[in-house]
Amino acid sequence: MTTRRTLLKSGAFALTGAIGAPFVISPARSQSFSLRMQGFLAAASPTHRAFEKFAADLKEKSGGKLLIQVLPAGGAVGATETINAIAAGILDGHYSSSSFFAARDPGFTVFGDTGASYDTVDQRDRWYLEGGGEDIGRELYAQHGLVYVANIFWPSEQIPAKKAIRGVADLKGLKIRVPPGFVAEYFGKAGASVINLPGGEVFNALQSGVLDATDWASPGQNYEVGLYKAAKFSVDAAHSMPATELGFAKAKWEALPAELKQLILAETRAMSAALKVQIRKDDDEALAKMKGEGIEIVSWSKEEIGKLRAFTGEVQDALAAKGPIAKKVVESHRAFQKKIG
């Protein structure tokens, strides 16, 4: 996703100045607002540190009128429970991925991860602003009493593996940890033996042979948590491109003055751009270290990615038949893919 100074207008808010331009908070508004939000990763992760900086920047740029307490994953509730916690008033919002809420609505499933639908994250991220993706995100969130603010960059992921996986044929019988949901379904269609394990058990499962591979995150994050100490291959199959976003309880969002809504949107865009730079830097550094440590990077051919894309499409079609928002997401992606060739 390239950095854009895009004017975004929607039913939820309007950004009336270029992103990065100074915001003037009206001195006539003496009221301050305190909000409690939860992220989806551990406190030590670069992603959560970016979330903390986001809150600090909002406090400074609002002149202290907007105070956001940010909690790490599990700080109040589990990652899959933040929508319930927002409805109950335990949280006022979250920085999360809609893929966590796949069990609630098939729309969350197909919105939360595009699987192998796109060649690159940059192509996929254009869909949010150019292809109407963020508008559909607002419609999806509104059905669950929330306001979707904006997409936040998340990288394409790689698979730490104990053996080389060079194409779809190598997935047959492969013991791979995949979280429940969209990716698990189409890996299953490809013949993989899909295993659902908590994150804390993955390393030992790789070491002991319970797992051959794991779906986790990007190379930098995989390396940071030590997965390549147990897995000597990193498979780049363009298999998973999860979405992440910022969302608020509808009542809390509507109580904010327009200038604070504008400021939140601008800072969300800024956080996304900063994460794109940081994560890609971390990935490049990790890949260089991995090569030096004898870890093989296995990059799939376009032909093999195309085979995986076919399984992705089958699962998308099945999910599209289960709900109107899911259908809208799938149709929108395909129209945009056709548009960009």
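Note: hydrogens, waters and symmetry copies are ignored here, and every other heavy atom, side chains too, is used. Since the structure is predicted, the reported quantities are computational estimates derived from the model, not experimental observations. In this chain, residues are counted from 1 in sequence order.
A donor-acceptor pair under 3.5 Å links the side-chain atoms of Ser62 to the main chain of Leu58, judged by distance alone. A side-chain donor-acceptor contact under 3.5 Å links Ser97 to the backbone of Ala243. Not one N or O on the side chain of Ser96 forms a donor-acceptor pair closer than 3.5 Å with the backbone of Leu246. Under the 3.5 Å distance criterion, the side-chain polar atoms of Asn222 are left unmatched by any main-chain donor or acceptor of Leu227. The main-chain N or O of Arg177 is never found under 3.5 Å from a side-chain atom of Trp216 such that the two would form a donor-acceptor pair. Between the Thr312 side chain and the Gly115 main chain, no donor and acceptor come within less than 3.5 Å of each other.
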ask   = Please walk me through it: do Arg269 and Glu134 pass salt bridge (charged side-chain N to carboxylate O under 4.0 Å, His left out)?
value = CA-CA 13 Å; Arg269 299 279 192 229; Glu134 288 192 339; 2.8 Å; yes
request  = Show your working on salt bridge (charged side-chain N to carboxylate O under 4.0 Å, His left out) between Asp92 and Arg36 and close with a plain yes or no.
outcome  = CA-CA 5 Å; Asp92 300 314; Arg36 194 167 187 247; over 6 Å; no
ask   = Do Glu139 and Lys328 pass the salt bridge (charged side-chain N to carboxylate O under 4.0 Å, His left out) test, and can you show the C-alpha distance, the side-chain angles, and the key distance before you say yes or no?
value = CA-CA 10 Å; Glu139 186 176 350; Lys328 183 176 287 191; 2.9 Å; yes
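The two atoms that bring Leu319 and Ala326 nearest to each other are O-CB, 3.5 Å, heavy atoms only. Pro242 and Glu157 get closest at one heavy-atom pair: CG-OE2, 3.5 Å.
Electrostatic pairing of Arg138 and Glu245 does not count as a salt bridge here, judged by no charged N lying under 4.0 Å from a carboxylate O. Checked for salt-bridge contact, Lys232 and Asp212 miss the test: no charged N lies under 4.0 Å from a carboxylate O. Salt bridge Glu304/Lys307: present, at least one basic N to carboxylate O contact under 4.0 Å. A salt bridge does not link Glu130 with Lys339: none of the charged nitrogens is closer than 4.0 Å to a carboxylate oxygen. At a threshold of 4.0 Å, the pair Arg334-Asp317 counts as salt-bridged, since one of the basic side-chain nitrogens sits closer than that to a carboxylate oxygen. Between Lys189 and Glu314, at least one side-chain N (NZ, or NE/NH1/NH2) sits under 4.0 Å from a carboxylate O, which counts as a salt bridge.
The salt bridge (Lys or Arg N to Asp or Glu O under 4.0 Å) with Asp57 is formed by just one residue from the set Lys59, Lys61, Lys53; it is Lys53. Under the side-chain contact (heavy atoms from CB on, under 4.5 Å) rule, Ile86 has a single partner from Met37, Gln38, His94, His144, which is His94. A salt bridge (Lys or Arg N to Asp or Glu O under 4.0 Å) with Asp119 is found for one member of Arg124, Arg309, Lys302 and no other, namely Arg309.
Ring to ring, Phe111 and His333 are not that close: their centroids are 6.0 angstrom or more apart.
Inspection of the Ser117 and Gln316 side chains reveals an N or O donor paired with an N or O acceptor under 3.5 Å. There is no side-chain donor-acceptor pair under 3.5 Å between Asp113 and Ser99. Gln158 and Ser234 are linked by a side-chain donor-acceptor pair at a separation below 3.5 angstrom, with hydrogens and angles left out of the test.
Side-chain atoms of Ile165 and Trp300, non-hydrogen and from C-beta on, do get closer than 4.5 Å to each other.
Screening residues 284-295 for side chain to side chain donor-acceptor pair (under 3.5 Å) gives Tyr223-Glu293, Lys281-Glu285 as the qualifying pairs, with residues at least two apart or on separate chains.
With rounding to the nearest 0.5 angstrom, the CH2 atom of Trp154 is 12.0 Å from the OG atom of Ser272. Note that CD of Gln123 and OH of Tyr118 are 8.0 Å apart. Values are rounded to the nearest 0.5 Å.
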